[in-house]
Visitor: 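Would you mind keeping the following structure in view while I ask a few things?
Quick note on labels: first sequence line is chain A, next is B, and so on, each numbered from 1.
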2 protein chains.
Amino acid sequence: MNNGAKEKTMKKVDGRGQRSEESRGRILNSATRIFAKKGLDGARIDEIAEDAGINKRMLYHYFGSKEDLYVEVLRFNYEKIYTLSKNAFNLADDSKENVTRAVRAYFYFLAKNEDFVRLTSWEALNGGRFAKKVIPQFFDLVELEFGDIIKDGIKRNFIRPDTDIRQVIVSVQALCLVYFNRREIVQPLWQEDLLSEEMLEVRLQHILALIFDGIFSHEEE
Amino acid sequence: MNNGAKEKTMKKVDGRGQRSEESRGRILNSATRIFAKKGLDGARIDEIAEDAGINKRMLYHYFGSKEDLYVEVLRFNYEKIYTLSKNAFNLADDSKENVTRAVRAYFYFLAKNEDFVRLTSWEALNGGRFAKKVIPQFFDLVELEFGDIIKDGIKRNFIRPDTDIRQVIVSVQALCLVYFNRREIVQPLWQEDLLSEEMLEVRLQHILALIFDGIFSHEEE
DNA sequence: ACCATAAGTAACTAACTGGTTACATACTTT
DNA sequence: AAAGTATGTAACCAGTTAGTTACTTATGGT
């Protein structure tokens, strides 16, 4: 419904159409930040409108309702990681390199998109009620691409044949996500900046070491 | 403040004192369930009061405010895992057995206390703002005990000496937590009951395999 | 029996929230 | 320039929420 109106205004390159697109964009960005920070319940429409420098009337004009806006925010952000998986998850000859690159890409994507981490965390807590409405393939897509990398690794005998791919995918997600998800709780205990270049790399190397020595075939034991 | 009133009523074994303790307990249980399900913002005081079969007036009498009740709920639930770490985290001679037992205890505690998983997840999303107020040692305690197990493993040469203990603790938490945290999102994709005895054991064994082959010294590679 | 107090009830309020409406202005097309 | 539409504003509404108040009932000590 909003998409229809959007397209109609889109064809105007200048003037009102452009301004409406700008407004939509500003709302989406503000809403992303505020929904990420406070969740669907905690976020206030008035706050989003004010932050976007737009009137509440216009916000409802563009997005219909709070929940609809929230869903649009999810779509807007999920598209980012969808793009990531299409670009960074390639199948080369070196299995170890494939996994490393995919995990690194995923890890640094999360590091640089805290809003995304938080949005998905809120979603997890309400059972993916809204995420399901938007791009239901999303979760699959990234996982499928990563799954292919693992499968290929098994075929090439770099990864143990009895590896449970689904479990590995959940584990990789877990190892990356929780670091950012619980950052604010861990930070005061560690007394270090978990987002510094060094600490990020330490964490990533730890994750890779854990994964590889777990899933790669060993000669011994 | 409430503790004072509580103690005063406690000394009566029967009658008013007992009933007030019962009421407090019922409120705490209802609040745990509802806060876990909907979070601090989503939960409604009226809903909690009704669920506890008590008047809202009394709820405020016992707990002062919504936030105070929330904090009490956190304390009430954190004490459970504190007890766990004291009972299940023992140092025996077999390092592998120590780690296995601790991880298993932690994993099954989470499996059987979904409210706890959700409460801590909500807390992670608001930066542990309220958790910090209650038992600030909590997070440390479990981690310290587990850290000791790892340290002991290193001393006994079962675990690589260059192991970053903090990273391992976060990773263990991650591998266990995310399975339950994202259960509702993973479930429709896997089309299996993630909480069935079999699936729980599959996940636990996967976690243990991943951890051990990561942190235990190998002869090769 | 009586009284002080704890436990409980229901109705209320002041503030706030998501959502709406009546109205004004700016821009584009013809 | 007229007309139509996109964009914007502010006041408003109905429902909800956390928290309160005035009042009643039950209990235990004396």
Visitor: Can you confirm whether A/Gln205 is buried at CD, in the sense that more than 12 heavy atoms of other residues, nucleotides or ligands lie under 6.0 Å from that atom?
Guide: yes
Visitor: Looking only at side-chain N and O atoms, does B/Tyr62 come under 4.0 Å of OP1 or OP2 in C/dA6?
Guide: no
Visitor: With DNA chain C as reference, determine whether A/Asp46 or B/Ile54 sits nearer its 5' end, using the nearest nucleotide of each.
Guide: B/Ile54
Visitor: For D/dT16 and B/Arg44 - does any side-chain N or O of the residue sit under 4.0 Å from the phosphate oxygens OP1/OP2?
Guide: no
Visitor: Angle between ring planes, A/Tyr179 versus A/Phe107, binned at 30° and 60°: parallel, tilted or perpendicular?
Guide: tilted
Visitor: Classify the angle between the aromatic ring planes of B/Trp122 and A/Trp122 as parallel (below 30°), tilted (30 to 60°) or perpendicular (above 60°).
Guide: tilted
Visitor: Looking across every strand, which nucleic acid part, if any, lies under 4.0 Å from A/Ala49 by heavy atom: base, sugar-phosphate, or nothing?
Guide: nothing
Visitor: Between A/Glu184 and B/Arg129, is there a salt bridge with N-O shorter than 4.0 Å?
Guide: no
Visitor: Given atom CE of B/Met58 and atom P of D/dG19, what is their separation to the nearest angstrom?
Guide: 16 Å
Visitor: Once you round it to whole Å, what is the distance between C1' of D/dG15 and NZ of A/Lys66?
Guide: 14 Å
Visitor: Quick one: do the A/Glu123 and A/Tyr70 side chains pair a donor with an acceptor below 3.5 Å?
Guide: yes
Visitor: Once you round it to whole Å, what is the distance between C1' of D/dG8 and CD1 of A/Ile27?
Guide: 12 Å
Visitor: Which atoms of nucleotides 10-14 of chain C (N or O only) lie under 3.5 Å from a protein N or O atom, and what are those distances?
Guide:
unit_1	atom_1	unit_2	atom_2	d
C/dA10	N7	B/Asn55	ND2	3.4

Visitor: Check whether the side chains of B/Gln167 and A/Arg203 place a donor and an acceptor atom closer than 3.5 Å, and report yes or no.
Guide: yes
Visitor: In whole Å, what is the span from the NE2 atom of B/His61 to the P atom of C/dA6?
Guide: 8 Å
Visitor: Separation of B/Phe63 atom CZ from D/dG19 atom P, in whole Å?
Guide: 14 Å
Visitor: I'd like to know if the side chain of A/Tyr108 pairs up with that of A/Glu201 as donor and acceptor (distance under 3.5 Å, no hydrogens or angles considered).
Guide: yes
Visitor: Out of D/dG19, D/dG8, C/dG18, which nucleotide sits closest to the side chain of A/Tyr60?
Guide: C/dG18
Visitor: Find the distance A/Tyr70:OH to C/dG18:P and express it as a whole number of Å.
Guide: 14 Å
Visitor: Reckon A/Ser23 has a side-chain N or O less than 4.0 Å from the OP1 or OP2 of D/dA6?
Guide: no
Visitor: In whole angstrom, give the distance that lies between atom CD of A/Glu67 and atom P of C/dG19.
Guide: 8 Å
Visitor: Whole angstrom is fine here: how far is it from CG in A/Leu59 over to P in D/dT9?
Guide: 13 Å
